[in-house]
Amino acid sequence: MKKHNFSAGPSILASEVIANTAEAVLDLNGTGLSVMEVSHRGKDFQAVMDEAVALFKEVLGVPDGYEVLFLGGGASMQFCMVPYNLLQKKAAYLETGSWAKKAIKEAKFFGPVDIVASSADKNFSYIPASYDIPDDADYFHITTNNTIFGTEIMEDIDSPVPLIADMSSDIFSRPVDVSKYGIIYGGAQKNLGPAGVAFVVIRKDILGKVERNIPSMLDYRVHIENGSMFNTPPCLPVFTVRETLRWLKKMGGVARMQEINTGKAGLLYDAIDNSRIFEGTAEKKSRSIMNVCFVMKDEYKEHEADFLSFAQDRGMVGVKGHRSVGGFRASIYNAMPVESVQALIDVMKEFEDIKVK
Ligand SMILES: *Cc1c(COP(=O)(O)O)cnc(C)c1O
């Protein structure tokens with residue numbers, strides 16, 4: 001049976017990306033060697049790294065003055081690298097979910113943190129609409145897509161201080177005005193590749209302003225100087241990221257992705273809104289186009305476990321909601337075809353017709 005992969009992360013990748021990676025695991029460019037066993041400093045892997053960086057800049061539209069890094073440690077390492085490199089007096093954070101909270105916790109190791117607004121009062125079901133960003137903060141940190149709660153900040157915020165964004169789960173899902181950001185970072189394993197590599201887009205002129213010493217591995221300047229090869233990079237994940245970027249370019253880039261993603265999310269949200277048994281958990285105007293969170297209405301709550309196994313029997317994978325929201329979450333990242341979204345909707349309707357006579 002065809003599997004429809006709605007997992008939140010690691011998550012679905014385009015099938016040609018997986019096929020090309022499988023081929024390179026056996027033989028990289030006819031070298032007779034696996035991508036896993038060649039030197040990261042040899043010309044074959046250097047070409048992979050160079051193209052991954054160049055395509056990242058091209059497809060996202062990264063202006064001059066910025067660098068693109070591929071580092072180990074995931075997005076969670078960036079929770080500490082950001083304040084290590086930037087926090088001198090104080091930092092400002094927007095608290096929109098569990099990942100934002102984790103980023104805040106790490107920043108507090110380095111200095112005072114001003115939480116400018118939070119949606120904790122309603123279990124992070126919305127994006128705070130109005131708040132002031134203190135202009136004496138060293139930076140302002142946001143999580144653009146709240147993977148667990150299904151909310152998303154779609155606009156590029158005007159910030160008086162460098163804007164730092166965790167875009168782990170919505171990078172390349174829509175156009176972004178990179179010039180408005182100081183740093184954009186994330187783990188690759190939601191929309192870009194396998195786990196094991198994080199991407200960091202960084203405006204160089206925000207660095208070098210803190211007084212503390214920074215260990216080499218945690219210093220952005222060291223990684224910039226060494227072209228993401230200060231130490232051995234995660235070679236295989238970087239290869240797959242390059243394949244995804246080639247695929248994204250061929251698909252028509254981020255503007256086309258946004259059209260497709262908005263269409264897919266619209267189909268699913270419409271099905272939820274028109275359902276007699278399901279309802280969405282995020283406030284409508286804060287809804288994510290990447291992670292769609294929904295539950296059963298109170299009078300049908302007892303059927304939630306039943307629906308999960310019903311959906312699973314029909315090839316739906318990873319639709320169980322995160323424990324902090326409950327219910328269901330369908331992650332519909334770039335690589336998710338609209339046919340799979342439709343298949344989920346059909347299963348939801350089939351279940352509803354059985355339960356509501
Ligand atoms: C998954 C996720 C993370 C954590 O990423 P790791 O690479 O596992 O550290 C951080 N932020 C967001 C928004 C995420 O979705």
Side-chain angles (χ1 to χ4, degrees), residues 5-13 69-84 91 93-107 109 118-120 123-128 139-154 157 163-174 176 181 183-201 217-218 223 228 233-234 236-238 240-241 244 261 265 281-282 286-293 318 320-325 329-336:
N5 185 7
F6 292 94
S7 301
S11 41
I12 188 167
L13 293 169
L69 301 173
F70 291 113
L71 307 176
S76 299
M77 181 70 95
Q78 297 309 309
F79 294 166
C80 105
M81 277 179 81
V82 165
Y84 220 138
Y93 278 70
L94 191 62
E95 190 183 63
T96 52
S98 311
W99 294 115
K101 280 171 73 173
K102 288 187 178 175
I104 290 165
K105 179 176 177 220
E106 299 306 303
F109 287 116
S118 171
S119 48
N123 198 30
F124 300 116
S125 58
Y126 69 102
I127 302 291
Y139 62 87
F140 175 49
H141 181 283
I142 59 173
T143 313
T144 50
N145 188 64
N146 297 283
T147 322
I148 293 175
F149 299 92
T151 63
E152 187 171 7
I153 300 170
M154 299 277 190
I157 292 169
L163 180 62
I164 313 295
D166 174 358
M167 290 198 190
S168 292
S169 51
D170 61 350
I171 189 76
F172 291 110
S173 67
R174 58 186 162 83
V176 166
Y181 296 83
I183 294 179
I184 296 172
Y185 70 83
Q189 70 274 16
K190 313 287 170 45
N191 229 352
L192 207 50
V197 65
F199 59 86
V200 183
V201 183
M217 267 300 280
L218 299 175
H223 292 290
S228 296
L236 183 59
V238 170
T240 309
V241 167
T244 299
N261 289 329
T281 56
S286 302
R287 281 173 163 177
S288 166
I289 58 169
M290 294 279 97
N291 309 95
V292 177
C293 295
K320 190 172 171 29
H322 190 275
R323 63 187 178 283
S324 42
V325 181
R329 170 176 52 173
S331 298
I332 51 174
Y333 297 119
N334 283 344
M336 166 72 56

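Residue numbers start at 1 and run along the sequence shown. Ligands are counted one by one from 1 in listed order, and the atoms in each one are counted from 1 as well. Everything numeric in this text was worked out from a predicted model, so none of it was measured.
- Taking the six-membered ring for Trp, Y139 and Y93 have ring centres closer than 6.0 Å.
- Polar contact with ligand 1: absent for G187 (N/O pair, distance under 3.5 Å).
- For ligand 1, the atoms lying closer than 4.0 Å to a non-hydrogen atom of F79 are 10 (C).
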ask   = Does the side-chain hydrogen bond (donor to acceptor under 3.5 Å, both in side chains) test come out yes or no for T147 and N291, once each step is laid out?
value = CA-CA 6 Å; T147 322; N291 309 95; 4.6 Å; no
inquiry  = Pair T144, D170 - check side-chain hydrogen bond (donor to acceptor under 3.5 Å, both in side chains), show working.
reply    = CA-CA 7 Å; T144 50; D170 61 350; 2.8 Å; yes
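- Listed by number with element, the atoms of ligand 1 under 4.0 angstrom from any heavy atom of N145 are 13 (C).
- Near Q189, meaning under 4.0 Å from any of its heavy atoms, are these atoms of ligand 1: 5 (O), 6 (P), 7 (O), 8 (O).
- Residue contact check: T143 has heavy atoms under 4.0 Å from atoms 13 (C) of ligand 1.
- Nearest protein heavy-atom neighbour of atom 11 (N) of ligand 1: D166 OD2, 2.6 Å.
- The part of S168 lying near ligand 1 is the side chain, judged by heavy-atom distances below 4.0 Å.
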task = List the steps and the verdict of side-chain hydrogen bond (donor to acceptor under 3.5 Å, both in side chains) for S125 and N123.
result = CA-CA 6 Å; S125 58; N123 198 30; over 6 Å; no
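- N146 and T151 share a side-chain donor-acceptor pair at under 3.5 Å.
- Among V82, L71, L69, V201, the one residue that satisfies the side-chain contact (heavy atoms from CB on, under 4.5 Å) test with Y185 is V82.
- Using a 4.0 Å cut-off between heavy atoms, K102 makes no contact with ligand 1 at all.
- Rounded to the nearest 0.5 angstrom, M167 CE and F172 CZ are separated by 10.5 Å.
- Looking only at heavy atoms of the protein, atom 1 (C) of ligand 1 is closest to K190 NZ, 1.6 Å.
- Protein heavy atom closest to atom 5 (O) of ligand 1, with residue, atom name and distance, is A75 CB, 3.4 Å.
- The protein heavy atom nearest to atom 9 (O) of ligand 1 is S76 OG, 2.6 Å.
- For N334 against N191, the heavy-atom pair with the smallest separation is N-OD1, 3.0 Å.
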